[in-house]
A.B. asks: 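Below you will find the structure I want to go over with you.
Atom set for the values below is all heavy atoms of this structure, side chains included, hydrogens, waters and symmetry mates excluded. Residue numbers start from 1 in every chain, and the chains themselves are labelled A, B, ... in the order their sequence lines are given, proteins ahead of strands.
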Amino acid sequence: MAETKPTTTAPAPKAAKTSKAAEAPEAAAAPHAFEPRLVAFVCNWCTYAGADLAGTSRLHYASNVRIIKLPCTGRIDPLFVLKAFEGGADGVLVSGCHPGDCHYTSGNYHARRRWAIFRKLLDFTGIDPRRLHFSWVSAAEGQKFADLINDVTTKVRECGPFDAHNPARRRS
Amino acid sequence: MSLVDSLRADAAAVLKDGRAKLVIGYRKRGDRSVPVLLANADKADALIWDADCKQNLAAYLRKPEVRWYKPLALIARPAVMRSLMVLEAESQLADPDVLVLAVGEGDAYHGLLDLKGVAALLKEKYADLAPDPTLLARIKELAAMSAEDRAAFWEEQFAKCTRCYACRAACPMCYCQRCIVEKNTPQWISTAAREHGNYAWNVIRAFHLAGRCTECGACEAACPQGIPLMLLNEKVAGDVADEFAAKPGYDPEAKPVIGSFNVDDKEDFIR
């Protein structure tokens, strides 16, 4: 087997095509090697229903996201975000009802205040702001949810794995 | 009369006539200025005032063994007076008759004040207390770095943390009976003095002081490891001022900054 392996993977035909491929035959596969892990904290009434709509509408979106449903964005403690980064998330999304639409009338207003300060504090202590996203997605915005997840996934993928530089990361 | 003489005279007077049963001030121990709790007017000569009096004495007001002595009096500089205003706004002063021996900037003595007097003094004389310019410059410097460099900077700082919680003990705003770091079902913040727990603790400590920190500097002065905690506090205080035009510690009836909201709050970061 050891002898046949080099012959089957020999990049001879590719090498003839372009010099770039000859230099690094694995480079072409590299962008697909890293798939970011996203954690989305969403509220039960709007964004989760929006995600549900995206699903029932058979919309395709990146499968990188792990959705965590909470009663309201007001229930999303900043510690949740830290815990996600600590456990190895490459990016975090927080999403809830549009202002004025909160099921509990004001949970999202309270959450907005918290995030405005907390995101800057995380940035200041070394968590790249491109890894932390916020949005309002209503129950009728299935398409917005799908686009949002795709966009956030692309952005976090561009940042690369959040490992060596992650100050919140739990190390074994 | 010098400042220290005035402090001693007023402390003795309030203890004698019963307006206070305990005066919280500073005395010298060796070459350090440490807090002293005076119940006896004859001992008022132990009181001192110098630049080393950094501990925020408002932190004592919530301790049951101190409250037992009420009514209380304490020596306070403007940042400490602001702490009193926040404590009052958060309904944490069970006995609002606390007396303040008010020491101003440049060792000016404003005499004995009640909380209303303190509020008036702060508004009149110390409404535009400016943060330390070197601190602001350092924050700017850090903000200009890349996220990775900042992470490296803070990792080095937080690595020193031994989780002694001296910062928490020194802070008059950290009065929770059970701090988030002590809650363990579930355990949100690891208590081991390791990277991830240290990061979470120091970040959350600063965040829980958002809109409450009065920049007295007691936490940083108390830190045995020399972690620049005021960088975090000042950064958050600056953001609170930018985002919500709020400066805590002036209005004893102010709503909490985090915990209230305005329908028109900025949301340029939300999609």
A.B. asks: With a sphere of 6.0 Å drawn around NZ of B:Lys123, does it hold more than 12 non-hydrogen atoms of other residues, nucleotides or ligands?
C.D. replies: yes

A.B. asks: Do B:Asp265 and A:Tyr109 have side chains that get closer than 4.5 Å, going by heavy atoms?
C.D. replies: no

A.B. asks: Are the side chain of B:Trp188 and the backbone N or O of A:Leu82 linked by a donor-acceptor pair below 3.5 Å?
C.D. replies: no

A.B. asks: Check each atom of A:Lys83 against the heavy atoms of chain B and say whether the ones under 4.5 Å are side chain, backbone, both or neither.
C.D. replies: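 The answer is the side chain of A:Lys83.
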
A.B. asks: Can you confirm whether more than 12 heavy atoms, excluding those of A:Arg75, are under 6.0 Å from its CZ atom?
C.D. replies: no

A.B. asks: Rounded to the nearest 0.5 Å, what's the gap from CZ on B:Arg150 to CG on A:Leu122? Could you check?
C.D. replies: 11.0 Å

A.B. asks: Could you go step by step and tell me if B:His196 and A:Arg171 meet the side chain to side chain donor-acceptor pair (under 3.5 Å) rule?
C.D. replies: CA-CA 8 Å; B:His196 61 285; A:Arg171 283 147 241 221; over 6 Å; no

A.B. asks: Measure the OG1-CD distance between A:Thr125 and B:Glu155 for me, rounded to the nearest 0.5 Å.
C.D. replies: 11.5 Å

A.B. asks: Quick check on B:Ile139 against chain A: is it the side chain, the backbone, both or neither that has a heavy atom closer than 4.5 Å?
C.D. replies: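 Both backbone and side chain.
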
A.B. asks: Could you tell me which residues satisfy side-chain hydrogen bond (donor to acceptor under 3.5 Å, both in side chains) with B:Lys160, sequence neighbours excluded, listed by chain and number?
C.D. replies: B:Gln157

A.B. asks: In terms of heavy-atom proximity below 4.5 Å to chain A, should B:Ala200 be classed as side chain, backbone, both, or neither?
C.D. replies: both

A.B. asks: If every non-hydrogen atom of A:Pro78 is compared with every non-hydrogen atom of B:Phe207, which pair is closest and at what distance?
C.D. replies: CG-CE2, 3.4 Å

A.B. asks: Under 4.5 Å from any heavy atom of chain A, what part of B:Asn198 do you find: side chain, backbone, both or neither?
C.D. replies: neither

A.B. asks: Show your reasoning for whether salt bridge (Lys or Arg N to Asp or Glu O under 4.0 Å) applies to B:Arg271 and A:Asp151.
C.D. replies: CA-CA 11 Å; B:Arg271 293 195 270 178; A:Asp151 184 53; 2.4 Å; yes

A.B. asks: Can you tell which part of A:His98 gets under 4.5 Å to a heavy atom of chain B, answering side chain, backbone, both or neither?
C.D. replies: neither

A.B. asks: Check whether B:Ser146 gets within reach of chain A through its side chain, its backbone, both or neither, counting any heavy atom under 4.5 Å.
C.D. replies: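 Neither the backbone nor the side chain of B:Ser146 comes within 4.5 Å of chain A.
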
A.B. asks: Should A:Arg170 and B:Glu195 be marked as a salt bridge (Lys or Arg N to Asp or Glu O under 4.0 Å) after you check the CA-CA gap, both sets of side-chain angles, and the distance that decides it?
C.D. replies: CA-CA 7 Å; A:Arg170 180 169 51 232; B:Glu195 297 93 342; over 6 Å; no

A.B. asks: Determine which residues belonging to residues 111-119 of chain A lie within contact range of chain B, meaning some heavy atom pair is under 4.5 Å apart, and list them by number or answer 'none'.
C.D. replies: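 Residues A:Arg112, A:Arg113, A:Arg114, A:Trp115, A:Ala116, A:Ile117, A:Phe118, A:Arg119 are the ones that qualify, each having a heavy atom under 4.5 Å from chain B.
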
A.B. asks: State which residues pass disulfide bond (SG atoms under 2.5 Å apart) with B:Cys213; sequence neighbours excluded, sorted by chain then number.
C.D. replies: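 Residues passing disulfide bond (SG atoms under 2.5 Å apart) with B:Cys213: none at all.
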
A.B. asks: Chain B heavy atoms under 4.5 Å from A:Asp123: which part of the residue, side chain, backbone, both or neither?
C.D. replies: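 Looking at A:Asp123, backbone and side chain both touch chain B.
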
A.B. asks: Heavy-atom distance under 4.5 Å between the side chains of A:Pro99 and B:Glu267, does that happen here?
C.D. replies: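 With C-beta onward as the side chain, the pair touches.
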
A.B. asks: Taking the six-membered ring for Trp, are B:Phe261 and A:His110 parallel (under 30°), tilted (30 to 60°) or perpendicular (over 60°)?
C.D. replies: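 It falls in the perpendicular class, over 60°.
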
A.B. asks: Top residue by heavy-atom pair count (under 4.5 Å) with chain B, among A:Leu79, A:Asp128, A:Asn166, A:Asp77?
C.D. replies: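 Counting heavy-atom pairs under 4.5 Å, the top option is A:Leu79.
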
A.B. asks: Looking only at heavy atoms, which of residues 230-241 of chain B get nearer than 4.5 Å to chain A?
C.D. replies: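 Under the 4.5 Å heavy-atom cut-off, B:Leu231, B:Leu232, B:Lys235, B:Val236, B:Asp239, B:Val240 qualify.
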
A.B. asks: When rounded to the nearest 0.5 angstrom, what is the spacing between OH in B:Tyr199 and CZ in A:Phe85?
C.D. replies: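 Taking OH in B:Tyr199 and CZ in A:Phe85, the distance rounds to 8.5 Å.
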
